[in-house]
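Down below is the structure, laid out as structure tokens.
Indexing begins at 1, ligand by ligand and atom by atom, following the structure's order.
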Amino acid sequence: MDKIVSLAKRRGFIYPGSEIYGGLSGTWDYGPLGAELKFNFKQQWWEYMVLRRENVFGINASILMSPKVWEASGHTASFTDPLVECKTCHERIRADFDEEIRAHGEGHKAKKEKVDWTEPRKFNLLVEARLGAVEESKSTVYLRGEITQGVHVNFKNILDSMHPKIPFGVAQIGKAFRNEITPGNFTYRLREFEQMELQYYVRPEEKAAAEVFEFWKEERMKWYIGLGLNKDRLRFREHAPDERAHYARSAWDIEYETPFGWKEAEGIHNRGNWDLSQHAKFSGEDLSYFDPEVKDRFIPWVIETSCGVERPLLYFLLDAYHEEEGRVVLKLHPRLAPYKVAVFPLLANKPQLVEKARQIYQLFKAPSSLPGRRAGKFQVQVMWDDRGNIGKRYYSQDEIGTPWCVTVDFQTLEDETVTVRDRDSMKQERVAAKDLESYFAERLQ
Ligand code: ATP
């Protein structure tokens with residue numbers, strides 16, 4: 001873990017939040033490489049969960065919502081974790097984090113100080129904010145503690161504007177905030193983080209819902225494995241009944257084996273009709289669905305898949321990190337790698353090589369004048385490097401996970417071929433410059 005934290009900072013993936021002011025606990029900033037990685041990660045999720053499906057719609061709801069939302073969803077009353085306070089130094093720690101409590105106590109013991117804790121009490125995780133120029137009590141809002149509710153409060157809007165046929169899903173990616181008592185383990189437990197969620201509405205029938213639940217469980221596991229996460233470090237775990245959220249009819253986690261134990265990557269929950277019926281009750285709106293085929297009206301059940309961005313991304317980084325003889329290599333899946341290709345002139349002081357290499361770099365880099373995809377034009381995240389010698393550049397690219405390096409050398413000037421070097425096998429082959437687009441397109445499929 002220490003190696004990942006240090007690499008992440010040194011190579012521009014992840015920096016401590018507000019670092020020059022001494023930091024802000026539970027926040028991290030994504031640097032140039034981290035931002036690309038995060039972008040790719042979210043894009044992979046969106047493509048898999050939304051774009052390739054006929055019956056899943058994406059939305060983008062506000063972070064700030066009416067405080068009534070959180071009353072209806074139960075968050076104001078019960079979005080809590082147990083907290084204990086050290087009577088000696090007043091540090092607060094999550095009461096169920098045995099490891100942290102033990103370490104804290106030992107710190108005091110070593111200084112021959114008393115170890116004494118308050119009784120556990122419930123601590124609400126919602127982050128408060130003030131909005132507008134009205135008096136304090138009227139202006140209190142919450143930064144959303146989960147992105148889920150942004151979907152459910154729009155259920156009626158989705159029905160009226162998209163006319164979906166059940167079963168259908170509504171997906172969202174966005175920020176959530178939690179006043180975590182004990183943030184830590186790098187980006188594992190944050191106070192500000194992103195989530196990627198699907199709320200999938202089904203008929204309120206036990207058997208059908210169980211089948212859909214199984215389908216999404218498998219789909220989600222496939223997604224992690226498809227993006228290269230070691231399947232021996234992944235498992236499902238069913239929540240014990242006393243562990244489940246108050247609304248959950250069933251709950252499973254996908255877990256990853258980290259250096260600090262098996263930990264949750266995402267949760268798959270059957271939320272029943274909890275959210276929609278609560279919002280119907282609190283808002284007075286009719287949030288039922290009319291099934292034109294069966295001709296009945298009901299409040300649908302919801303199967304939810306809920307994962308973070310930063311937390312599972314940390315697992316991908318841990319999984320990708322390899323030390324091999326003479327190099328450190330991040331074996332990230334090419335679709336996740338911050339840069340797909342690095343382009344080098346063999347020698348930085350030979351203008352002919354530089355010019356030719358720039359042409360290839362521009363070919364991938366060329367800014368598009370049209371938003372979205374442009375048919376027939378292949379663009380990828382590409383990096384230019386002309387520092388040091390070729391060995392150092394390979395080392396540097398391996399460490400950030402760039403799958404392919406393209407070198408323009410003297411032979412290029414004669415026969416228009418370049419050297420392509422593969423990150424994992426370290427093999428090099430000659431490829432005609434004109435075939436580079438199809439060469440990479442094929443490998444990125
Ligand atoms: P935990 O038990 O670890 O506190 P949770 O069960 O409360 O997590 P959920 O509410 O199910 O988490 O959130 C869904 C996903 O959002 C988690 O699987 C995780 O990937 C991510 N997530 C939740 N809380 C945090 C956090 N504080 N920091 C980073 N990611 C988080």
Could you note down all residue pairs passing salt bridge (charged side-chain N to carboxylate O under 4.0 Å, His left out) where [range] supplies at least one of them, sequence neighbours left out?
range	result
residues 139-152	Glu146-Arg271
residues 75-92	Asp81-Arg94, Glu85-Arg92, Lys87-Asp116
residues 243-262	Glu206-Arg249, Arg235-Glu255, Arg237-Glu243, Arg237-Asp253, Arg237-Glu255

Pairs of nitrogen or oxygen atoms, one from ligand 1 and one from the protein, closer than 3.5 Å: please tabulate them with distances.
residue	atom	partner	partner atom	Å
ligand 1	3 (O)	Arg189	NH1	3.4
ligand 1	3 (O)	Arg189	NH2	3.0
ligand 1	3 (O)	Arg311	NH1	3.1
ligand 1	3 (O)	Arg311	NH2	3.1
ligand 1	4 (O)	Arg189	NH1	2.8
ligand 1	6 (O)	Glu264	OE1	3.2
ligand 1	7 (O)	Arg178	NH1	3.1
ligand 1	10 (O)	Arg178	NH1	3.1
ligand 1	10 (O)	Arg178	NH2	3.0
ligand 1	11 (O)	Glu264	OE2	3.4
ligand 1	13 (O)	Gln195	NE2	3.4
ligand 1	16 (O)	Gln195	NE2	3.2
ligand 1	18 (O)	Glu264	OE2	2.6
ligand 1	18 (O)	Ala265	O	3.2
ligand 1	20 (O)	Ala265	O	3.0
ligand 1	20 (O)	Gly308	N	2.9
ligand 1	24 (N)	Arg178	NH1	3.4
ligand 1	27 (N)	Glu180	OE2	2.8
ligand 1	27 (N)	Leu190	N	3.4
ligand 1	27 (N)	Leu190	O	2.8
ligand 1	28 (N)	Tyr188	O	3.4
ligand 1	28 (N)	Leu190	N	2.8

Classify the side-chain pair [X]/[Y] by whether it contains a donor and acceptor separated by less than 3.5 Å.
X	Y	value
Gln199	His152	yes
Glu197	Thr305	no
Asn55	Tyr200	yes

